[in-house]
Amino acid sequence: MNTISIYNTLINDKDVFIPIDPNHIKMYVCGPTVYNYAHVGNARPVVVFDTLYRLLKHDYAKVTYARNITDIDDKIIEASLETGEDISVITEKYTRIYEEDMGALNAELPDIKPKATEYVGEMIALISDLVSKGHAYESDGHVLFQVSTMDDYGELSGKDVKDLIAGARVNVADYKREGADFVLWKPSTPDQPGWDSPWGRGRPGWHTECSAMIKKELGETIDIHGGGQDLIFPHHENEIAQSKCSHDGANLANYWMHNGYLTVNGEKMSKSLGNFITVHELLEEYPNRGEAIRLALLTSHYKQPADFSREAITQAEKQLCRWYKIVRNSEETKPAKAVLEALRDDLNTPKAIMELNQLAKDSKNAGELKASAKLLGLLFGNAKNWDSTHVLKAGAGKFELTGHDADLLVRRKEAKVNKNWAKADEIRDDFDSRGLKLVDNPDGTTSVEKK
RNA sequence: GGCGCGGUGGCGGAAUGGCUACGCAGCGGAUUGCAAAUCCGUGUAUACCGGUUCGAUUCCGGUCCGCGCCUCCA
């Protein structure tokens with residue numbers, strides 16, 4: 001059996017992946033809160049875990065991949081108040097856009113896409129259970145998880161509960177017993193969305209949804225739980241607390257994987273810093289180039305921070321053009337062993353890409369190259385869209401050719417037919433001096449591109 | 001303050017106790033009237049200072065620098 005190794009945040013080390021049931025792998029990745037567009041940083045885990053999903057499906061008979069949609073959240077309520085649109089209109093719109101944009105990056109849809117609002121009953125049941133077991137308490141219409149009731153709270157993030165309680169923020173809400181306690185349920189005002197509960201009408205206060213949905217759809221303990229590094233604390237720590245305390249200590253997930261940040265000039269890309277670009281915008285800037293964006297995201301190892309740059313996308317685009325040219329008329333065969341081994345080693349995509357380049361050195365490997373690239377979610381599109389001439393055009397601005405220029409092109413063509421090279425070059429130079437580049441295409445036509 | 005991550009050639013980015021990928025750019029050559037594309041060739045890189053070692057970029061300690069979490073954020 002081919003083993004996969006995974007860096008597990010739980011033990012801060014790389015570990016051999018041992019599935020609970022080799023016949024059925026279960027993984028869960030934290031999905032979006034749907035109130036606006038996702039940025040490229042949000043796309044990194046999507047692409048990373050999509051690649052893992054493809055590898056797992058290659059290695060195991062059955063894989064169930066779940067990714068939640070958070071469609072109830074204070075940010076959504078705020079967005080609704082701002083735009084005047086109904087909450088469901090907002091969440092449906094951005095769910096659709098999210099799936100389209102991620103689809104453009106060749107990310108497959110997960111098998112299960114649970115929506116928080118469809119699991120409120122399960123969340124209430126979970127919270128009730130935690131209250132009855134003494135891990136949560138009601139206070140002033142809220143239900144809070146009492147962190148000090150859990151011995152190993154902080155096991156994922158390496159934090160010490162005592163520090164968290166002692167180092168309490170300046171403003172500890174007065175309904176909290178201890179500073180580190182977190183809200184499981186909170187009351188809603190009549191104009192806020194809410195559900196009836198044993199504690200009155202309210203809504204989920206924390207992302208109780210992940211724990212509730214995992215239990216219902218996948219079971220108490222799953223194999224892999226993934227997400228961005230910023231979710232380690234408090235989000236995933238709290239998920240673990242909720243689930244473990246409700247399940248008599250059973251692990252929520254055996255392997256926790258976290259991808260590093262996408263940065264901009266070395267700083268984390270984030271909504272609060274405002275230094276982000278949405279996938280939607282990027283796809284408008286690079287039409288039909290989602291695959292290049294995907295490859296750019298995979299050129300660095302998922303745990304490392306990666307700086308966003310358009311240069312990386314352009315470079316990826318060139319790479320894909322070259323590969324597509326080789327693969328164009330080939331049927332995929334089997335993935336190369338070297339590529340599989342790279343991916344099985346904690347998803348070492350940069351090494352896998354290096355191996356793809358090795359395959360690309362000989363056109364005999366075309367079938368293998370195609371099959372191998374498919375594991376990374378690459379090279380199964382239409383090769384016609386990746387003619388190298390398109391690369392030049394992609395970077396060029398749109399403009400209208402004047403009648404004079406069109407006339408010049410006709411005269412250059414005549415000069416070429418007459419083998420009057422001096423005249424042909426003179427016209428080329430004329431265009432060149434105005435920042436325009438002439439490219440003679442193999443079919444005899446000439447393209448004009450802005451430099 | 002607590003906890004954590006990282007500094008590899010012009011750029012991106014792997015790997016490794018001795019022989020250090022791969023891509024982009026650059027340079028040289030081939031080829032096509034020219035140009036583009038394509039093909040071949042081409043690299044003076046492991047932040048700094050100590051230690052361990054026959055040998056360290058790799059292991060250990062320290063310094064400097066950058067970043068992150070501790071508050072909603074992939």
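A, B, ... follow the sequence lines: proteins, then strands. Residue 1 opens every chain.
Residues A/His258 and A/Gln229 approach most closely at CB-CA, 4.0 Å, considering heavy atoms.
A donor-acceptor contact under 3.5 Å links the side chain of A/Asp425 to the base of B/G33. No hydrogens or angles were tested; on distance alone, a donor-acceptor pair under 3.5 Å links the side chain of A/Asp440 to the base of B/C34. For a distance-only test at 3.5 Å, the side chain of A/Gln319 fails to qualify as a donor-acceptor partner of the base of B/G23.
Side-chain proximity of A/Lys325 to B/U38, B/C22, B/C73: nearest is B/U38. Taking every side-chain heavy atom of A/Met354 into account, B/C22 is the closest of B/C22, B/C72, B/C69. Closest contact between the side chain of A/Arg428 and the listed nucleotides B/C22, B/G33, B/A35 involves B/A35. Looking at the side chain of A/Ser270, the nearest of the listed nucleotides B/G33, B/C73, B/A74 is B/C73. Closest to the side chain of A/Arg412, from the set B/G13, B/C72, B/C34, is B/C34. For A/Lys361, the side-chain atoms get nearest to B/G23 when compared with the rest of B/G23, B/A74, B/C11. Here B/A15 is the nucleotide among B/A15, B/C24, B/A35 with the atom lying nearest to any side-chain atom of A/Asn348. Comparing B/A74, B/A35, B/G33 by their closest approach to the side chain of A/Lys416 singles out B/G33. Among the nucleotides B/C34, B/G23, B/C70, the one closest to the side chain of A/Phe233 is B/C70.
Within 6.0 Å of the CG atom in A/Asn382, the count of heavy atoms belonging to other residues, nucleotides or ligands exceeds 12. Around NZ of A/Lys303, the count of heavy atoms belonging to other residues, nucleotides or ligands within 6.0 Å exceeds 12. In this structure, A/Asn418 places its CG atom where more than 12 heavy-atom neighbours from other residues, nucleotides or ligands lie under 6.0 Å away. Atom CG of A/Asp407 has more than 12 neighbouring heavy atoms from other residues, nucleotides or ligands inside a 6.0 Å radius.
Here A/Gly41 lies in heavy-atom contact (under 4.0 Å) with a base. A/Asn357 comes within 4.0 angstrom of sugar-phosphate atoms only, judged by non-hydrogen atoms across all strands, and of no base. When heavy atoms are screened at a 4.0 angstrom cut-off, A/Ile353 is found touching no nucleic acid atom at all. Residue A/Gln358 is classed as a sugar-phosphate contact, given heavy-atom separations below 4.0 Å to backbone atoms only. At the heavy-atom level, A/Gly226 lies nowhere under 4.0 Å from the strands shown.
A/Glu341 has a carboxylate O that lies under 4.0 Å from a charged side-chain N of A/Lys337, or vice versa, which qualifies the two as a salt bridge. A/Glu99 has a carboxylate O that lies under 4.0 Å from a charged side-chain N of A/Lys113, or vice versa, which qualifies the two as a salt bridge. Classification of A/Glu108 and A/Arg54 as a salt-bridged pair holds, one side-chain N sitting under 4.0 Å from a carboxylate O.
OP1 or OP2 of B/C24 lies within a sub-4.0 Å distance of a side-chain N or O belonging to A/Arg322. Dashed line: the shortest gap from a side-chain N or O of A/Lys159 to OP1 or OP2 of B/G4 is not under 4.0 Å. For the pair A/Asn42 and B/A74, the criterion of a side-chain N or O lying under 4.0 Å from OP1 or OP2 is met. At B/A25, one or more side-chain N or O atoms of A/Lys318 fall inside 4.0 Å of OP1 or OP2 (strictly under the cut-off).
Listed by residue number, A/Thr299, A/Ser300, A/His301, A/Gln304 are the residues of residues 292-307 of chain A with a heavy-atom contact under 4.0 Å to RNA chain B.
Separation of atoms OG (A/Ser88) and NZ (A/Lys93) is listed at 13.0 Å; rounding is to 0.5 Å.
In this pair, A/His225 and A/Tyr28 present their aromatic rings tilted. The plane angle is within the 30 to 60° band. Ring orientation note: the planes of A/His236 and A/Trp256 are tilted relative to one another, at an angle of 30° to 60°.
A/His236 has its NE2 atom 14 Å from the P atom of B/C70, to the nearest Å.
Separation of the C1' atoms belonging to B/G43 and B/G10 is 11 Å when rounded to the nearest angstrom. Between B/U52 and B/C3, the distance separating the two P atoms is 29 Å to the nearest Å. Taking the P atoms as reference points, B/A47 lies 8 Å from B/U58, given to the whole Å. Rounded to whole Å, the separation between the P atoms of B/G9 and B/G51 comes to 25 Å. Remark: the separation of the P atoms in B/G12 and B/U46 is 16 Å, to the nearest Å. One P atom belongs to B/A45, the other to B/C11, and the distance between them is 13 Å to the nearest Å.
With a 3.5 Å limit on both pairing distances and Watson-Crick or G-U wobble geometry required, the stems of 3 or more pairs in RNA chain B span B:1-7 with B:64-70, B:10-12 with B:22-24, B:26-30 with B:38-42, B:47-51 with B:59-63.
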| task | Start with the C-alpha distance between A/His39 and A/Leu282, add both sets of side-chain angles, then the distance that settles side chain to side chain contact (heavy atoms under 4.5 Å, CB included), and finish with yes or no. | result | CA-CA 9 Å; A/His39 62 65; A/Leu282 210 53; over 6 Å; no

